[in-house]
Protein chains: 2
Amino acid sequence: MSDQFIKLTVDAVVFGYEEGNISVLLIKRKYDPFKGAWAIPGGFVLNGESLEEAVERELHEETGVKINYLEQLYTFGKPERDPRGRVVSVAYFALVRPNAFKLFASTDAAEVEWFNIKNLPKLSFDHKNILDIAIKRLQGKITYEPLGFELLDKKFPFSDLEKLYTTLLGRDIDRRNFRKKILSLNILDELEEKTSKGSGRPANLFQFNQKRYFQLKKEGIIFEI
Amino acid sequence: MSDQFIKLTVDAVVFGYEEGNISVLLIKRKYDPFKGAWAIPGGFVLNGESLEEAVERELHEETGVKINYLEQLYTFGKPERDPRGRVVSVAYFALVRPNAFKLFASTDAAEVEWFNIKNLPKLSFDHKNILDIAIKRLQGKITYEPLGFELLDKKFPFSDLEKLYTTLLGRDIDRRNFRKKILSLNILDELEEKTSKGSGRPANLFQFNQKRYFQLKKEGIIFEI
DNA sequence: CTCATATGTGTAGTTTATACGCAAAAGTAA
DNA sequence: TTACTTTTGCGTATAAACTACACATATGAG
């Protein structure tokens, strides 16, 4: 049987957000094929590990990131997608808080870097396609799942959340209506702390209450922007 | 490297609808493991074929169905999910019109049968899990994608669509509001033909206009129930 | 020709979404 | 200290969408 020659990899599109920029984590490949070109981090799945374990291992090995949220994106299986032969890749979609760790490159990666999704380099394999699908998923999903909080600091001012949504959706949002809508969902805790950066009135800090969110979800109340 | 021992299969959850019943297509396994037990149709991916080609080949070989709609569902990769060793399965989700063809069992299948999703037999492998996820996907997706039409005859009375949604969503729908909402989407063509089955006023037949739907979608107008 | 059955349509009341302006709390510069 | 700039925090009026609900019409059956 010829199926024994199919190899399985996992790849992860890792998104981060900082001050109005959505970035994606890429590595510069150390070995052929596509040596020296940029790619999504990933690698072969080992026999004893689950797909998620493989993703976390590869990400840790290659980049040093701490993942905050992980979900399966899509499996790419066209016969000609990898010049090394038949390689099927299960792609994942990850969210991180970029300022919560330091990047470092190792194993298969010569370099690791954040790239703004508006300004991406040429990518290896079919990784451009994978990234496009991941971006669409992120843009679509933040309107009906509370993913945004996974990209912000644990405690954040409302304006950060608003700016994140404006950036991701690529359109203006009415600040007052947005605030009303989010607060009416009752999944944010307003803290006593305030923050002030530069001039302007200091902002109250908020925190996502995941426990309450899951309970509301169980009761059938859905998140929606 | 131990990754060379990972084998790749595709499995397909095939849904059909007839007169108020959502059914799923299962095969009775002819060989071990789980010989004689019911399972979702599927099998190993061959080296030269894409994942979709593998699904269509296996479905055709094992069951004789003609697929009307196919999308990737999820990839299942827990190391212990198959007693034969490390087998990762890319699961698909398919919709068919059951009265458009005849079933026949062959190759790996001893029998093929439609099972109402409310009354399923014990399943092989982790197929119960796969099926549950597929059912959730179907229920979720018909509210924001026009999938229902893929399950009905090309020409259908409005009451068929209504009954399908009632069945899938598991709750009553106001007949008048539902009709208004669907018709306002402007994706159905009202035909001159009428149908009459038994007593009662004959119903106009409708047809889904996929071309118009895609155009509206491109313009940003979304399907939603 | 009457009855049972399924289809086809309109409107009022409620809820949700949208548009929009001004006051409060801080920093900054004269 | 005071006037000015910047950012946050809040309310209301209008438009749009959703929900609930009842009766007329076209057939088949007896």
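- Looking only at atom types and distance, the side chain of A:Ser23 has no donor-acceptor partner in the side chain of A:Asn116 under 3.5 Å away.
- Under 3.5 Å, the side chains of A:Asp189 and A:Gln207 contain no donor-acceptor pair of N or O atoms.
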N/O donor to acceptor pairs below 3.5 angstrom from side-chain atoms of residues 123-130 of chain B, sequence neighbours left out:
unit_1, atom_1, unit_2, atom_2, d
B:Ser124, OG, B:Trp38, O, 2.7
B:Asp126, OD1, B:Arg81, NE, 3.4
B:Asp126, OD1, B:Arg81, NH2, 2.9
B:Asp126, OD2, B:Arg81, NE, 2.7
B:His127, ND1, B:Ile40, N, 3.0
B:Lys128, NZ, B:Asp132, OD1, 3.2
B:Lys128, NZ, B:Asp132, OD2, 2.9

With B for base contact, S for sugar-phosphate-only contact and - for none (protein heavy atoms under 4.0 Å), nucleotides 25-30 of chain C reads BBS---

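- In the region residues 156-163 of chain A, proximity to DNA chain C at under 4.0 angstrom, judged on heavy atoms, holds for none of the residues.
- Straight-line distance from the CD atom of A:Glu224 to the C1' atom of C:dT16: 11 Å, rounded to whole Å.
- In this structure, A:Val65 and A:His60 have side chains that are not in contact, with every pair of non-hydrogen atoms separated by 4.5 Å or more.
- For the ring-ring contact (aromatic ring centres under 6.0 Å, His included) test, residues two or more places apart in sequence or in another chain that qualify with A:Tyr165 are A:Phe178.
- Put simply, chain A comes within 4.0 Å of DNA chain D, heavy atom to any atom, from D:dT6 to D:dT12, going 5' to 3'.
- A:Phe15 places none of its side-chain heavy atoms less than 4.5 Å from the side chain of A:Tyr17.
- A cation-pi contact links A:Arg179 to A:Phe158, judged by a cut-off of 6.0 Å to the six-membered ring centre and 45° from its axis.
- Between the side chains of B:Tyr69 and B:Glu71, at least one donor N or O sits under 3.5 Å from an acceptor N or O.
- Using a 4.0 Å cut-off between charged nitrogen and carboxylate oxygen, B:Arg57 and B:Glu61 count as a salt-bridge pair.
- Shortest non-hydrogen contact noted between B:Arg97 and B:Lys154 is NH2-CG, 3.6 Å.
- Closest approach of B:Gly64 to B:Phe101, counting heavy atoms only: O-CD1, 4.1 Å.
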Kindly give the atom pairs (protein nitrogen or oxygen, nucleotide nitrogen or oxygen) under 3.5 Å for nucleotides 19-22 of chain C.
unit_1, atom_1, unit_2, atom_2, d
C:dA19, N7, A:Asn177, ND2, 2.9
C:dA19, N6, A:Asn177, OD1, 3.2
C:dA19, N6, A:Lys180, NZ, 3.2
C:dC20, N4, A:Arg176, NE, 3.4
C:dG21, N7, A:Arg176, NH1, 2.7
C:dG21, O6, A:Arg176, NE, 3.2
C:dG21, O6, A:Arg176, NH1, 2.7

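- The distance from atom CG of B:Leu95 to atom CZ of B:Phe149, rounded to the nearest 0.5 Å, is 12.5 Å.
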